[in-house]
Amino acid sequence: MSGVDASTTPTTDVTVIVEPNGKSGRELTDAIAAAKTSVYMTMYQIDDDDVINALVAQAKAGLDVQAILDSSSTSMGWNTDAYNKLRTAGVNVVWSSSVFSFTHEKCVVIDGTSAWIMTMNANSSSPDENREYLALDTDTDDIAEATAVFKADHAMSPLSPAGPLVVADSNARPKLVALIATATHDLDLEGEEVSDTNSGGVVQALGVAAHRGVAVRVVIGNSGGSTSQTQAITTLKQAGVKVVITGPESGDGTKTNPYIHAKALVVDCQTGSGSCASGFVGSENFSAGSLGYNRELGVIFTTASELAKVESAIDTDFANGTAQ
């Protein structure tokens, strides 16, 4: 596949970490601690002392450490303790812009050479209790775009992303719909929320894929759901999509039975040699609000070994789900 659309050339320079994996997110903390020049973090929620302390230590060591924390009514109180600690330590931390309903992005750019594009918040419970995907991206174009988004948001400046990443509120819906449209055999989607019933949105695209003969499976987290999600499930089932809800509620997950906080999609995992053709990991929920009003960041990639990790986790979660 040469590209999902004119502005999206999927990268192969991605390594995926699937949580829970028993390491409690140490990979990210270690990466921050190993930084040599700079750490730029955008985070929806943060309370993990190990992450906070790693940022503080790097700032005190003289590195360029900057952060954006979500300032919505949902998260500002949650993030205030971390904000104060980071600011006191000399981190150039700002509250997110009110232009976005939520700055729901979870990304850490390190030394201008790697971008951790994640479904996971920097909360101490997340890597042990939730199904999460962390995409370590070393593609130079992806890093450049992630850095540009960060710098614009940190400065409260407007930005029109034109690179390969999946960026809300700019291009996330059309890029995800275009990725879904590439499926020829099968497609698996896993999300905490699946409720984008907008015309031309994700739910419609999944239904269209199913109608043209693609075997579509959808795994939804046990998040309580909304009226739009109930409508989405009905629409998907009518199109022949297999839908399950799985896992415990938020806050009740365990390493062996995680809460589904994931946001991922894999395409054509049973064609040819059996390896997946392409996929997506990012902060975007498959909801109208997330795609249309939030700051979000994701990546589309074609690395077979890493897509296989995501597909394996989705297989497990689908098998544990309750059919709708």
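Worth knowing before you read on, the calculation uses all heavy atoms, side chains too, and leaves out hydrogens, waters and symmetry mates.
- The closest side-chain donor-acceptor pair between Asn21 and Glu27 falls under 3.5 angstrom.
- Between the side chains of Ser24 and Asp128, a donor-acceptor pair is found at a separation under 3.5 Å.
- Using a 4.0 Å cut-off between a side-chain N of Lys or Arg and a carboxylate O of Asp or Glu, Glu19 and Arg131 do not qualify as a salt bridge.
- Note that the OG1 atom of Thr235 and the CG atom of Leu206 stand 11.0 Å from one another [nearest 0.5 Å].
- Ion pairing between a basic and an acidic side chain is recognised when a charged N comes within 4.0 Å of a carboxylate O; Asp70 and Lys106 show no such pairing.
- Atoms CG and CG, from Asp47 and Asp49 in turn, are 7.5 Å apart once rounded to the nearest 0.5 Å.
- Atoms OG and CG, on Ser278 and Leu307 in that order, are 7.0 Å from each other to the nearest 0.5 Å.
- Applying the 6.0 Å contact sphere to NZ of Lys309 captures more than 12 heavy atoms from other residues, nucleotides or ligands.
- For the 3.5 Å distance criterion, the side chains of Asp139 and Thr11 qualify, holding a donor opposite an acceptor.
- Without hydrogens or angle criteria, Asp268 side chain to His185 main chain gives a donor-acceptor distance under 3.5 Å.
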Side chains of residues 152-159: which donor-acceptor pairs under 3.5 Å do they make with residues two or more places apart or in other chains?
residue, atom, partner, partner atom, Å
Asp153, OD1, Arg295, NH2, 3.1
Asp153, OD2, Arg295, NE, 2.7
His154, NE2, Asn92, O, 2.8

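- Side chains of Tyr44 and Asn79: no donor on one and acceptor on the other come within 3.5 Å.
- Between Val109 and Val39 there is no side-chain heavy-atom pair separated by less than 4.5 Å.
- In this pair, Trp95 and Tyr83 present their aromatic rings parallel. The plane angle is below 30°, not in the 30 to 60° band.
- When the side chain to side chain contact (heavy atoms under 4.5 Å, CB included) test is applied to Thr227, no partner is found at least two apart in sequence or on another chain.
- Without hydrogens or angle criteria, Gln58 side chain to Ala35 main chain gives a donor-acceptor distance under 3.5 Å.
- Note on ring orientation: taking the six-membered ring where Trp is involved, the planes of Phe286 and Phe280 are perpendicular (angle over 60°, cut-offs 30° and 60°).
- Remark: Ile233 CD1 to Thr197 OG1 distance equals 12.0 Å, nearest 0.5 Å.
- Contact check for Met118 versus Met43: side-chain heavy atoms found under the 4.5 Å cut-off.
- Counting non-hydrogen atoms of neighbouring residues, nucleotides and ligands closer than 6.0 angstrom, the CZ atom of Phe318 exceeds 12 such neighbours.
- Taking a cutoff of 4.0 Å between a charged side-chain nitrogen and a carboxylate oxygen, Asp111 and Lys36 do not qualify as a salt bridge.
- Considering CG of Asp196 and CG of Leu291, their distance stands at 5.0 Å, rounded to 0.5 Å.
- The hydrophobic cluster containing Ile32 also contains Leu134, counting ILVMFWY residues as joined when their side-chain heavy atoms lie under 4.5 angstrom apart, directly or transitively.
- A donor atom on one side chain and an acceptor atom on the other are not found under 3.5 Å apart for Thr15 and Glu306.
- Under the 4.5 Å side-chain criterion, counting only non-hydrogen atoms from C-beta, Cys269 is in contact with Asp186.
- Although no hydrogens or angles enter the test, the distance criterion places a donor-acceptor pair under 3.5 Å between the side chain of Thr316 and the main chain of Ser312.
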Side chain to side chain contact (heavy atoms under 4.5 Å, CB included) between Glu132 and Thr119, worked out: CA-CA 6 Å; Glu132 307 278 10; Thr119 73; 2.6 Å; yes
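- Between Asn222 atom CG and Ser250 atom OG the span is 10.0 Å, to the nearest 0.5 Å.
- For the 3.5 Å distance criterion, the side chains of Glu192 and Ser223 fail to qualify, holding no donor opposite an acceptor.
- For the residue pair Ser71 and Ser96, a side-chain donor N or O sits within less than 3.5 Å of a side-chain acceptor on the partner.
- Contact annotation: the side chain of Ile17 approaches that of Trp116 to within less than 4.5 Å [non-hydrogen atoms, C-beta and beyond].
- Of the possible polar contacts, none joining the Ser195 side chain to the Ser228 backbone as a donor-acceptor pair under 3.5 Å is found.
- Contacts of Asp81 classified as side chain to side chain donor-acceptor pair (under 3.5 Å), with partners at least two apart in sequence or in another chain: Lys85.
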